[in-house]
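Take a look at the structure set out below.
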There are 2 protein chains.
Amino acid sequence: MASKPNGVPALRMEDVARLAGVSVMTVSRALRTPPAVAASTLAKVRAALEETGYLPNLVASGLASSRTQVVAAVIPLISQPFAPTLQSMSDVLRRASYQLVLGVSHYDPLQEEALVRAFLSRRVDGIALFAGGHTPQTIAMLEQAGVPLVEMWADSATEFIVDAVSVPQRRGAQDVVRHLLARGRQRIGFIGGSTRHNIRAQARLGGYLDGLAEAGLPHDPAACEEATHFLMEGGAAALARLLERRPQLDAICVASDILAAGVVFEAHRRGLSVPRDLAVAGFDDAEIARSMYPALTTIDMRAEDMGRRAAEMLLERTSQSSRVDLVAMPSRMHDLGYTLIVREST
Amino acid sequence: MASKPNGVPALRMEDVARLAGVSVMTVSRALRTPPAVAASTLAKVRAALEETGYLPNLVASGLASSRTQVVAAVIPLISQPFAPTLQSMSDVLRRASYQLVLGVSHYDPLQEEALVRAFLSRRVDGIALFAGGHTPQTIAMLEQAGVPLVEMWADSATEFIVDAVSVPQRRGAQDVVRHLLARGRQRIGFIGGSTRHNIRAQARLGGYLDGLAEAGLPHDPAACEEATHFLMEGGAAALARLLERRPQLDAICVASDILAAGVVFEAHRRGLSVPRDLAVAGFDDAEIARSMYPALTTIDMRAEDMGRRAAEMLLERTSQSSRVDLVAMPSRMHDLGYTLIVREST
DNA sequence: CTGAAAGCGCTTACAG
DNA sequence: CTGAAAGCGCTTACAG
């Protein structure tokens with residue numbers, strides 16, 4: 001079975017035990033709870049470990065202990081602004097001896113469902129999802145599995161399953177509009193991602209509309225445009241469509257920095273100066289927001305805190321037991337707040 | 001053990017078998033090799049599967065079969081230009097019923113070693129690494145484990161362990177210099193990443209020097225700068241340092257599009273027009289290269305083909321047996337070539 | 001502090 | 001086409 005063509009099998013704990021002159025249980029203890037082993041025994045085991053270069057079989061230990069020490073995260077896209085969230089999540093988990101595995105859903109509830117199914121089959125000890133847009137089957141599987149679960153990037157008004165980390169995105173978008181109005185802009189357009197299956201896109205559009213309403217400005221549907229995909233090109237193309245209908249806009253509230261960067265590039269391509277001719281504000285405080293010229297005014301979404309807090313919430317659940325009752329459990333929502341960062345683009 | 005607080009244990013194959021009135025072996029076969037089961041039996045099993053919502057325990061099956069159906073990739077950074085590689089890798093692997101798991105090394109050989117150790121402990125069926133910069137321990141572990149292995153993003157002249165997918169990056173950088181010279185530029189600077197532990201950075205710097213030498217131009221070390229990190233800000237800061245020493249440069253050959261974007265932003269910030277005052281060429285054909293204004297001249301590194309081919313090479317090895325002899329095995333290098341893409345920035 | 005026994009939930013290999 | 005037995009390499013739970 002697990003043998004090379006030339007017949008050398010993989011090392012087992014038993015090989016280490018024989019070399020150290022102890023039982024496998026003692027090797028197992030030396031690896032997991034060293035203080036529970038006599039110092040002299042520990043030294044013998046460690047010497048044998050060193051000599052053989054033994055690597056524990058975590059598949060076997062996962063089966064025996066019903067704990068895989070793996071946590072899964074399903075993200076919509078493998079790109080900014082999610083990288084800092086994953087980084088901090090991974091850091092917190094690693095310190096607790098958990099490994100983070102990733103799945104990418106492309107904003108597709110069915111792909112998310114397939115990923116959740118695969119992760120549950122691998123018996124991960126916890127799952128982090130992005131809030132909203134789950135299929136009923138996904139939720140049913142999670143409840144049946146009783147796996148610790150946290151949702152991230154929720155809006156503070158969002159529905160969620162048990163635990164969530166949120167940011168008041170709707171209010172954030174409203175603050176962007178207030179800021180643009182305070183800068184003297186009156187004809188403010190909006191570019192966002194598809195609101196289908198995406199509560200973040202919905203919340204941001206909602207905040208834009210709140211901001212207009214608060215100022216007594218009418219909602220002009222023709223001044224709103226949906227980007228076809230979350231790439232800079234998507235933002236550029238959306239601005240082109242928008243300006244064709246409403247060439248007199250003097251500001252754009254954009255629901256993502258990636259899209260906003262594309263908006264700025266397209267404005268430059270058309271000879272418009274940002275912010276003189278067109279003010280552009282983004283969302284997320286992604287890397288490009290502070291790096292590009294002009295630097296983007298944006299909403300800091302606490303991406304790093306989001307990952308840290310999500311990981312901590314998961315760890316609290318996993319420490320309780322390997323299976324939890326998602327339905328009966330009191331749910332928790334941790335709201336992180338946000339900050340409007342004013343830079344050169346507005 | 002694997003039971004909820006309220007006492008409901010996780011479903012096992014045995015539960016499905018009992019409901020379907022067959023043995024666990026028949027359920028196992030129905031799941032993995034349906035044609036080996038009689039149609040009427042299959043129907044009964046499938047009904048039971050459906051009714052229970054059973055999810056196979058892949059941890060147990062991994063232990064029993066010595067195959068986890070998981071392939072690991074260790075990447076330097078979770079960002080462009082690696083996303084398309086991971087995407088195509090993941091697609092090819094999924095079609096073959098393998099799952100891709102990711103590790104991020106931050107260009108640190110010790111972190112790579114820790115990741116490889118973790119993946120080997122989880123008994124992944126294959127590992128994809130970025131070529132170069134491995135510790136001796138990493139290589140020793142891989143050889144002892146006998147795990148199928150492929151290295152990506154090698155330069156065609158690079159050393160590698162067994163299998164590799166490469167692009168002639170050195171020649172690519174040389175072509176960039178030729179292109180800049182053909183555009184009439186004479187004072188061409190260079191900005192790259194740290195060449196420490198990074199054969200890609202080394203190859204690209206080498207190509208730049210080849211290009212100068214070919215044209216009979218002297219190598220001016222003060223016209224070369226190393227970015228401190230692979231972010232746009234790193235490219236911007238590097239240009240600032242470079243122009244302080246050599247303000248008369250009329251072109252910059254940059255070893256990465258991300259850095260090149262930062263270079264363009266910094267040029268704009270200083271009131272320099274790109275390409276009129278300063279031509280800027282990147283490398284990788286990352287998303288931002290075609291999206292930004294001005295769009296970047298760059299080298300298409302076949303990022304997508306790289307992932308596809310790497311996955312295929314791994315699958316060929318895993319199909320042979322679960323353990324392979326990396327030392328005795330004939331190694332294979334697949335070179336993908338590259339394309340110079342001329343856009344607005346030069 | 002240490003170890004022998006049983007078991008985790010599957011698959012392999014074999015028998016019928 | 002189907003199933004009973006053995007085993008994958010660990011950990012749990014218990015005994016000493």
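Per chain, numbering begins at 1; letters A, B, ... match sequence-line order.
- The side chain of A:Ala38 has C:dC1 as its nearest neighbour among C:dC8, C:dC1, D:dG7.
- Within 4.0 Å of B:Met25, counting heavy atoms only, lies at least one base atom of the nucleic acid.
- Summarising the geometry, the separation between CG on A:Asp125 and C1' on D:dT11 is reported as 15 Å, rounded to the nearest angstrom.
- Proximity of A:Arg32 to the phosphate of D:dT12: a side-chain N or O atom is located under 4.0 Å from OP1 or OP2.
- Atom CG of A:Leu55 and atom P of D:dC10 are 10 Å apart (whole Å).
- Toward the 5′ end of DNA chain D lies the nearest nucleotide of B:Gly21, the other residue of the pair B:Gly21 and B:Ala60 mapping further downstream.
- Among the nucleotides D:dC10, C:dC10, D:dG9, the one closest to any side-chain atom of B:Ser61 is C:dC10.
- Taking atom CG of B:Leu120 as the reference point, atom C1' of D:dG9 lies 16 Å away to the nearest angstrom.
- Put simply, CD on A:Glu14 is 15 Å from C1' on D:dT11, counting in whole angstrom units.
- Side-chain contact between A:Leu315 and A:Val92 is present, with heavy atoms from C-beta onward closer than 4.5 Å.
- Between A:Ser23 and C:dA4 there is no side-chain N or O to OP1 or OP2 distance below 4.0 Å.
- The CG atom of A:Asp15 sits 12 Å away from the P atom of D:dC8 (whole-angstrom rounding).
- A donor-acceptor contact under 3.5 angstrom links the side chains of B:Arg122 and A:Gln99, judged on distance only.
- No donor-acceptor contact under 3.5 Å links the side chain of B:Arg123 to the base of D:dG9.
- With distances taken from any side-chain atom of A:Ser65 to the nucleotides D:dT12, D:dG9, C:dT11, the minimum falls on D:dT12.
- With C:dT2, C:dC14, C:dC8 as the candidates, the nucleotide lying closest to the side chain of B:Arg29 is C:dC14.
- Of the nucleotides present, none pairs with C:dA4 by Watson-Crick or G-U wobble criteria with both distances under 3.5 Å.
- In this structure, A:Met13 places its CE atom 9 Å from C1' of D:dT11, rounding to the nearest Å.
- Counting only heavy atoms from C-beta outward, the side chains of B:Leu314 and B:Met89 approach each other to under 4.5 Å.
- Between the CG atom of B:Leu58 and the C1' atom of C:dT11 there is a distance of 12 Å, given to the nearest Å.
- B:Asn57 places its CG atom 18 Å from the P atom of C:dG7, with the value rounded to the nearest Å.
- The side chain of B:Ser28 contributes no N or O atom lying less than 4.0 Å from OP1 or OP2 of C:dC10.
- The phosphate of D:dC10 has OP1 or OP2 within less than 4.0 Å of a side-chain N or O from A:Tyr54.
- Classified by interplanar angle (parallel below 30°, tilted 30° to 60°, perpendicular above 60°), the ring pair A:Trp153/A:Phe130 is parallel.
- Shown here is A:Arg196, whose CZ atom has no more than 12 heavy atoms of other residues, nucleotides or ligands within 6.0 Å.
- Partner assigned to C:dA13 is none, using Watson-Crick or G-U wobble distances below 3.5 angstrom.
- When the side-chain nitrogen and oxygen atoms of B:Thr41 are compared with OP1 and OP2 of D:dC1, none of them lie within a distance under 4.0 Å.
- Between A:Thr26 and the phosphate of C:dG3, there is a side-chain N or O to OP1/OP2 separation shorter than 4.0 Å.
- When the options B:Leu63, B:Val70, B:Thr68, B:Val147 are evaluated for a side chain to side chain contact (heavy atoms under 4.5 Å, CB included) with B:Arg123, the one that passes is B:Thr68.
- A:Val59 comes within 4.0 angstrom of no nucleic acid atom, judged by non-hydrogen atoms across all strands.
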